[in-house]
Amino acid sequence: MLFAHDTECSLIAAAALVNTAGGAEGLPDVTALDQFYVAHAYTGRHEHTEAELRSVRELRPRLRRLWDVDVHEVVTIVNGLLREHAALPQLITHDDEPYHFHAVPRDAPLAIRMAVEAAMAVADLVRNGELNRLRVCAHPDCDNVLVDLSRNRSRRFCEAGCGNRAAVTAYRARKAAAQA
Ligand SMILES: [Zn+2]
Ligand SMILES: [Zn+2]
């Protein structure tokens with residue numbers, strides 16, 4: 001593991017959340033948010049309401065900017081999110097998880113907890129000089145984001161199958177070149 005467990009989980013969840021906004025709506029209804037909540041092992045308050053869904057969707061463009069701007073702008077966004085939600089980091093344990101940071105109460109709205117978790121995790125990257133772990137997919141037709149948690153910083157494609165697509169395109173190009 002490169003970073004603390006909660007940092008890695010939060011980064012992966014933040015990237016996945018951002019990617020639900022790319023192309024077809026990945027969070028079309030409350031049920032889709034329920035599935036996202038389970039898939040990323042969220043705990044705490046979850047209302048299953050349209051209002052909650054809306055606030056989670058509205059968070060996405062703000063988080064997306066973390067992938068697109070320089071470190072100084074990232075710091076401005078991170079500090080803004082932490083200040084706005086009165087983040088107060090506390091080490092806690094629950095549900096058999098090891099000690100990890102929560103910076104807002106567990107009964108805070110889901111979108112706020114998602115925002116603060118992402119901000120705390122990105123703050124970790126900034127402090128470690130590892131912000132370049134946040135990448136945009138290298139496939140020319142894809143605008144998804146990813147978090148490269150590989151040891152050798154080798155990850156270039158998102159999880160939507162772009163690595164395979166790129167390999168197939170390269171293979172066809174080689175074959176066409178060989179036949180020409
Ligand atoms: Zn927790
Ligand atoms: Zn991609």
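What you see below is based on every heavy atom in this structure, not just the backbone, and it leaves out hydrogens, waters and symmetry mates.
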Paired with His100, the side-chain hydrogen bond (donor to acceptor under 3.5 Å, both in side chains) test is passed by just one of His5, Glu117, His94, namely His94
Of all heavy-atom pairs linking Leu146 and Trp67, the shortest is O-NE1, 3.0 Å
For Leu11 and Val147 the tightest heavy-atom approach is O-CG2, 3.5 Å
Looking only at heavy atoms, the pair that brings Arg135 and Arg155 closest together is NH1-O, 2.7 Å
Are the side chains of Val126 and Val71 in touch, meaning some heavy atoms are under 4.5 Å apart? yes
Q) Would you find a donor on one side and an acceptor on the other, under 3.5 Å apart, between the side chain of Asp70 and the backbone of His72? A) yes
Rounded to the nearest 0.5 angstrom, the OH-CG distance for Tyr42 and Leu33 is 9.5 Å
*Does any non-hydrogen side-chain atom of Cys158 lie less than 4.5 Å from one of Cys142?*
yes
Note: Arg106 and Arg113 closest approach over all heavy atoms is O-NE, 3.6 Å
So, the side chain of Asp148 versus the backbone of Arg156: is there a donor-acceptor pair under 3.5 Å, distance only?
no
The reported gap from CZ in Phe101 to CE in Met120 (rounded to nearest 0.5 angstrom) is 5.0 Å
In this structure, CE of Met114 is separated from OH of Tyr37 (nearest 0.5 Å) by 9.0 Å
Tell me whether Arg127 is salt-bridged to Asp124, with the criterion being a basic N under 4.0 Å from an acidic carboxylate O. yes
In the single-linkage hydrophobic clustering (I, L, V, M, F, W, Y; side-chain heavy atoms under 4.5 Å), do Val18 and Val69 co-cluster? yes
Practice prompt. Report yes or no: do His102 and Asp6 form a side-chain donor-acceptor pair below 3.5 Å?
Written response: no
CG of Leu17 to OG of Ser10, rounded to nearest 0.5 Å, is 12.0 Å
d(His48 NE2, Asp29 CG) to nearest 0.5 Å is 13.0 Å
For Leu66 and Val74 the tightest heavy-atom approach is O-CG2, 3.6 Å
*Does Leu131 reach the side chain of Val122, with side-chain heavy atoms less than 4.5 Å apart?*
yes
Note to self: Are there over 12 heavy-atom neighbours, none belonging to Glu159, within less than 6.0 Å of that residue's CD?
What the structure shows: no
Practice problem: May I ask you to say whether Arg133 pairs ionically with Glu8, meaning some side-chain N is under 4.0 Å from a carboxylate O? | Solution: no
Interatomic distance, NE2@His85 vs CD1@Ile112, rounded to 0.5 Å, equals 5.0 Å
(request) Spell out, yes or no, whether Leu125 and Val78 are grouped together once hydrophobic residues are joined by side-chain heavy atoms under 4.5 Å, including indirect joins. (result) yes
Grouping I, L, V, M, F, W and Y whenever their side-chain heavy atoms are under 4.5 Å apart, do Leu82 and Leu91 come out in a common cluster?
yes
**Prompt:** Given the rule in the side-chain contact (heavy atoms from CB on, under 4.5 Å) test, do Arg151 and Leu2 qualify, once you have shown the distances and angles that lead to the verdict?
**Reply:** CA-CA 7 Å; Arg151 236 161 241 292; Leu2 291 167; 3.7 Å; yes
| Does a salt bridge link Arg64 with Asp143, judged by any charged N lying under 4.0 Å from a carboxylate O? | yes
| Sidechain-backbone polar pair: Glu52 side chain, Glu47 backbone, donor-acceptor under 3.5 Å | yes
Next item on the list: Verify the neighbour count for atom CG of Asn152: are there more than 12 heavy atoms of other residues, nucleotides or ligands below 6.0 Å?
Entry: yes
Here the pair of heavy atoms bringing Val30 nearest to Glu50 is CG2-OE2, 3.7 Å
Subject >> pair Arg62-Leu81: side-chain heavy atoms closer than 4.5 Å >> reply: yes
**Report entry** From CA spacing to verdict: side-chain contact (heavy atoms from CB on, under 4.5 Å), Leu63, Ile77
**Finding:** CA-CA 9 Å; Leu63 294 186; Ile77 295 168; over 6 Å; no
Take Leu59 and Arg57, measure what side-chain contact (heavy atoms from CB on, under 4.5 Å) needs, and give me the verdict at the end.
CA-CA 5 Å; Leu59 172 63; Arg57 280 192 192 148; over 6 Å; no
